[in-house]
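Here is the structure we will look at, set down as structure tokens.
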Amino acid sequence: MQDYIQKRVLDICAYILETKATVRKAAQVFQVSKSTVHKDMTERLPSLNKQLAQEIKAILDENKAERHLRGGEATRRKYKEII
């Protein structure tokens with residue numbers, strides 16, 4: 001793995017651990033695609049640091065479990081502003 005990719009993986013990992021950010025939010029902050037962030041966290045990070053990969057997996061699983069609630073909340077706010 002190239003050095004700049006390793007640095008990106010570890011930077012994104014640190015950001016997600018610090019803020020519990022979603023894949024989408026991390027992608028926005030680091031100006032890469034959601035697919036890149038997901039691949040970095042699920043495939044590349046375990047080869048660099050297994051402990052960090054487990055911590056990230058727990059956060060990503062939590063975010064995935066809550067995404068239907070976030071989507072519903074966003075829709076509620078959207079329509080509340082219209083009315």
Side-chain angles (χ1 to χ4, degrees):
M1 189 180 325
Q2 295 181 1
D3 289 342
Y4 77 95
I5 295 175
Q6 285 183 1
K7 182 179 180 339
R8 181 185 70 216
V9 168
L10 294 174
D11 288 346
I12 293 173
C13 175
Y15 176 75
I16 291 175
L17 287 173
E18 182 179 315
T19 63
K20 296 195 182 293
T22 62
V23 169
R24 185 180 296 255
K25 181 62 178 171
Q28 277 181 335
V29 170
F30 288 90
Q31 297 180 341
V32 293
S33 71
K34 295 181 303 182
S35 300
T36 299
V37 172
H38 191 268
K39 182 171 182 134
D40 285 352
M41 296 302 104
T42 60
E43 295 178 21
R44 294 181 177 129
L45 183 60
S47 68
L48 295 175
N49 188 323
K50 290 198 183 299
Q51 177 61 34
L52 286 177
Q54 289 174 344
E55 294 176 35
I56 288 292
K57 183 174 180 355
I59 292 172
L60 295 181
D61 288 345
E62 179 182 334
N63 287 341
K64 187 175 181 181
E66 294 174 350
R67 72 179 170 191
H68 68 283
L69 299 172
R70 288 191 187 110
E73 179 63 23
T75 302
R76 186 183 71 76
R77 280 196 313 269
K78 174 183 172 183
Y79 286 106
K80 188 174 183 179
E81 291 174 5
I82 293 174
I83 295 175

Practice task
Could you tell me whether the side chain of Lys50 reaches within less than 4.5 Å of the side chain of Leu45, counting heavy atoms only?
Solution key: no
Problem - Heavy-atom pair with the smallest gap, counting every atom of Asn63 and Thr22 - result: ND2-CA, 3.6 Å
Practice task
Drop me the distance from Arg76's CZ to Lys80's NZ, to the nearest 0.5 angstrom.
Solution key: 5.0 Å
Practice task
Of all the heavy-atom pairs spanning Tyr15 and Ala21, show the shortest one and how long it is.
Solution key: CE2-CB, 3.5 Å
Exercise for the section: Step by step, work out the side chain to side chain contact (heavy atoms under 4.5 Å, CB included) result for Asp11 and Phe30. Expected result: CA-CA 9 Å; Asp11 288 346; Phe30 288 90; 3.8 Å; yes
Exercise for the section: Starting at CG of Asn49, measure out to CG of Leu10 and round the result to the nearest 0.5 Å. Expected result: 7.5 Å
Practice task
Could you tell me whether Asp3 and Lys7 have a side-chain N and a carboxylate O separated by less than 4.0 Å?
Solution key: no
Problem - Residue pair Met41 / Val9: nearest heavy atoms and the distance that separates them - result: CE-O, 3.4 Å
Practice task
Take Thr36 and Arg8, measure what side chain to side chain contact (heavy atoms under 4.5 Å, CB included) needs, and give me the verdict at the end.
Solution key: CA-CA 10 Å; Thr36 299; Arg8 181 185 70 216; 3.7 Å; yes
Practice task
Identify the two heavy atoms, one from Ile59 and one from Lys20, that lie closest to each other, and give their separation to 0.1 Å.
Solution key: CG2-CA, 4.1 Å
Problem - CG on Asp40 to CD1 on Ile5, rounded to 0.5 Å - result: 7.5 Å
Completion exercise
dist Leu48:CG -> Cys13:SG (nearest 0.5 Å) comes out at 9.0 Å
